[in-house]
Chemist: 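The structure follows.
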Protein chains: 4
Amino acid sequence: MSPRIVDKEEKKKQIIGAAMQVFAKNGLNATKMTDIALAAGIGKGTIYEYFKSKDDIFWGAFNFMMEDMETQMAKKLFKVTDPAEKLVAIIEAFFGSLEMFQDSSYIMFDFWAEGIRKRDDSANNFLKKLYIDYRKLIASILEEGKIAGAFRDIDSNIVASTILGAMDGLILQWILFGQDYDVKKALSEFTNMVLVGIKD
Amino acid sequence: MSPRIVDKEEKKKQIIGAAMQVFAKNGLNATKMTDIALAAGIGKGTIYEYFKSKDDIFWGAFNFMMEDMETQMAKKLFKVTDPAEKLVAIIEAFFGSLEMFQDSSYIMFDFWAEGIRKRDDSANNFLKKLYIDYRKLIASILEEGKIAGAFRDIDSNIVASTILGAMDGLILQWILFGQDYDVKKALSEFTNMVLVGIKD
Amino acid sequence: MSPRIVDKEEKKKQIIGAAMQVFAKNGLNATKMTDIALAAGIGKGTIYEYFKSKDDIFWGAFNFMMEDMETQMAKKLFKVTDPAEKLVAIIEAFFGSLEMFQDSSYIMFDFWAEGIRKRDDSANNFLKKLYIDYRKLIASILEEGKIAGAFRDIDSNIVASTILGAMDGLILQWILFGQDYDVKKALSEFTNMVLVGIKD
Amino acid sequence: MSPRIVDKEEKKKQIIGAAMQVFAKNGLNATKMTDIALAAGIGKGTIYEYFKSKDDIFWGAFNFMMEDMETQMAKKLFKVTDPAEKLVAIIEAFFGSLEMFQDSSYIMFDFWAEGIRKRDDSANNFLKKLYIDYRKLIASILEEGKIAGAFRDIDSNIVASTILGAMDGLILQWILFGQDYDVKKALSEFTNMVLVGIKD
DNA sequence: AATGAATGAGCATTCATTCAT
DNA sequence: TATGAATGAATGCTCATTCAT
């Protein structure tokens, strides 16, 4: 009476997982639908039962990753109240999420290269917006710290973007050098630099 | 020796300049040879008199940019001896070069996304090597500073990569936000943070 | 003998009815199996329990329509003996049948376009044969009329094909213009023209 | 200095000619771009230098045929003034044009099947409009004839559409039976029927 | 019997590259 | 040297059909 039953949402995730590996390895452009199908262990046509296009998979993967990052961040931020600890929590959430997608981390470069040109409306771009959101979050923590007397009188927005930028830069190197790069140490060194640098 | 040679080289640069604009605007993949020809004001076939392939233009552009960066850096480093000043010189050279290619800056994202996967030999990748070179340069300056008693006892390699990463991150934001991003201020704030952070 | 058989046949007709609507609306090519299933209110896979292929449905619909036409014609011809009345009966049967499939009438164009190329044997085509059959039928009536002295000495075959052709042409316009085309009037005008034109 | 020079317009016609043969033989749907390229003796990609899509070729062919028909009609109508002769001129122009495209005549069926569903605006269809134009032309000639006392008091619009329909029907048979169908005789018989039928 | 999830053959179209002029 | 017309390899996507349930 009824055909096989599948958990659509679960299968979407399975395809995204497979696709992320291939995207990471070869880049968006060099990744062929056949490769994704092969990696997912399904037929080429089956992909289209779950995604409208190659692009749809790509941005599906992006959203998947961002959602994970947000979840991790929310969890970590929830536990701490001290501004300095909050900064550390944010930094750790960023890296923690990437760690989850370890072998797909190269995909970040494509997210950047593609995202930068994908515009939501005539003037703005979703990647910019994402950046602005995080900058605001960090800036608000810095303000908290200033009021609490933990940080000196810095320009919160500028320092926030500096911190954000530095994190990106570390992520780049971490992705680039993988195992060979002692990200933990760099991270603690960086965090230290930041905290010392902005301490009151 | 013949003047033709000079013309050839000049025309290659003209094509690279045109190509960089188009690559920056649309990305490597979405850029068609026709677009480049149009932007350069020449015929599509003519491009092949100067470059072997689209890739050849792309990496030609990359080398062009890197050479300019190195030239700027050499010039600035030549003038200073103080380790702290040297760090500032390096940071400024990075941004100065990007400023030169202002309207093509988005091309950086493609250099990253493509470069990360372009391997010179089985194990190593030229982008990695580039990174390692700059890290060594910065680390050596940090060592100088430590010996001179200007910097505290930091792990030079780790801090060097942290500085490099932070610069990348700032560049990303600068590219992303363009005019709206006060890179000079962020830069000075960052430099300040670094120097304070590592000061003895 | 088992009631199942009746159900099967009934369901085939139900599917054909649904399919005809979709074929008529979108054409053979643009009609997808999913559309037919949807229109028939059954699952896509179920169609294959009753038909071998899309083509099978299409030609099933054709046969269904032809059979209806023949039935109507037989009924009408059975009642009359006068050659002129017989001609009118044939003409009316053609249109009567189409009227039955009113909202599927566009399907006729696909029957033509596809049928013309579907060959039963290497040399001949079933649509041709159908045509020849009807031509013979009309010609035989014309001969009757000539013998009875009702029609003048015309070339029966030529006039028959002319009448047949004219009917097709009227049908085309009727389908094309639907409600806006007063087919009854055109029909009576046409019949009049024919009868006057061939009257002894 | 300059690449090979081609007469773009001439080459478009060459491709249309080749395409018409293939369309006629296999129908729009079964015709593959490769077939057209092969028939035209060019590469598959070259077609796209001259046409945007398969559809573009198809409707290009339609327009080509219609333009030829109009040219022929204009030429023939120009020479005559008598209403009865004008009718004959129109009929002959229709057939003359088809004769020109003799071996492509089956394409007419696809023009019908596709054209009927291709709408220019929400309510109307270009094929309908074409029909209406020709009906008007014929009706105006009939009116002329009535005024001149050559035709009896018929409903010009109805008779015009009848004549148009009959022509279509004859064309169908002519296409269907080709050589075996004495279209000249059928035509003269039909013309005769019409003229006798509407004679005052 | 009924279903819709899975599939891959098949095709329109794109575009880097070639080459006749 | 410069050009753009010509090309076909390459690929995203469609959809009739199959088949596990």
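Letters A, B, ... mirror the listed sequences (proteins, then strands); counts begin at 1.
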Chemist: Between the protein and nucleotides 18-20 of chain E, which nitrogen or oxygen pairs are less than 3.5 angstrom apart?
Modeler:
{"from": "E:dA20", "atom 1": "O4'", "to": "D:R4", "atom 2": "NH2", "distance (Å)": "3.3"}

Chemist: Can a donor-acceptor pair be found, under 3.5 Å and without considering hydrogens, that links the side chain of A:D103 to the backbone of A:Q21?
Modeler: no

Chemist: Aromatic rings A:F101 and A:F64: how do their planes relate, parallel, tilted or perpendicular, breaks at 30° and 60°?
Modeler: perpendicular

Chemist: Examine B:F111 together with B:F58 and report whether their ring centres are nearer than 6.0 Å.
Modeler: yes

Chemist: Would you mind reading off the distance between A:K8 atom NZ and E:dG4 atom C1', rounded to a whole angstrom?
Modeler: 9 Å

Chemist: Rounded to whole Å, please give me the gap between CZ in C:F51 and P in E:dA2.
Modeler: 13 Å

Chemist: Do other residues, nucleotides or ligands put more than 12 heavy atoms under 6.0 Å from the NZ atom of A:K52?
Modeler: no

Chemist: What is the distance from CZ of B:F58 to P of E:dA16, rounded to the nearest Å?
Modeler: 14 Å

Chemist: Test your reading of the model: is there a side-chain donor-acceptor pair from A:R117 to the backbone of A:N125, 3.5 Å cut-off?
Modeler: no

Chemist: Calculate the interatomic distance between A:D7 atom CG and E:dG4 atom C1'; express it in whole Å.
Modeler: 16 Å

Chemist: Starting from C1' on F:dA2, measure out to CD on B:Q14 and report it in whole angstrom.
Modeler: 13 Å

Chemist: Taking OP1 and OP2 of F:dA5, is either one under 4.0 Å from a side-chain nitrogen or oxygen of D:T46?
Modeler: no

Chemist: Determine the sole option in C:Q14, C:E9, C:K8 for which the side-chain contact (heavy atoms from CB on, under 4.5 Å) test with C:K12 is passed.
Modeler: C:E9

Chemist: What is the distance, rounded to the nearest whole Å, between atom OH of C:Y50 and atom P of F:dT17?
Modeler: 18 Å

Chemist: Check the distance between F:dG8's C1' and D:L38's CG and give it to me in whole angstrom.
Modeler: 13 Å

Chemist: Measure from the side-chain heavy atoms of B:K11 and tell me the nearest of E:dC15, F:dA2, F:dA6.
Modeler: F:dA2

Chemist: Starting at the 5' end of DNA chain F and moving along, which residue's nearest nucleotide shows up first, A:M33 or C:K54?
Modeler: A:M33

Chemist: If you find the nucleotide of DNA chain E closest to A:I42 and the one closest to D:S53, which residue's nucleotide is nearer the 5' end?
Modeler: A:I42

Chemist: Would C:F51 and C:I16 satisfy side chain to side chain contact (heavy atoms under 4.5 Å, CB included), going step by step from the backbone distance to the final call?
Modeler: CA-CA 10 Å; C:F51 295 92; C:I16 282 184; 3.6 Å; yes

Chemist: Starting at the 5' end of DNA chain F and moving along, which residue's nearest nucleotide shows up first, A:T31 or C:N29?
Modeler: A:T31

Chemist: Using the ring of each side chain (for Trp, its six-membered ring), is D:F109 parallel, tilted or perpendicular to C:W112, with breaks at 30° and 60°?
Modeler: parallel

Chemist: Between D:D110 and D:L28 (side chain of the first, backbone of the second, donor and acceptor by atom type, cut-off under 3.5 Å), is there such a pair?
Modeler: yes

Chemist: What is the distance, to the nearest angstrom, from the CD1 atom on A:I15 to the P atom on E:dA5?
Modeler: 13 Å

Chemist: Can you run through DNA chain E from 5' to 3' and write each base as (, ), [, ], | or . depending on how it pairs? Watson-Crick or G-U wobble, both distances under 3.5 Å.
Modeler: .||||||||||||||||||||

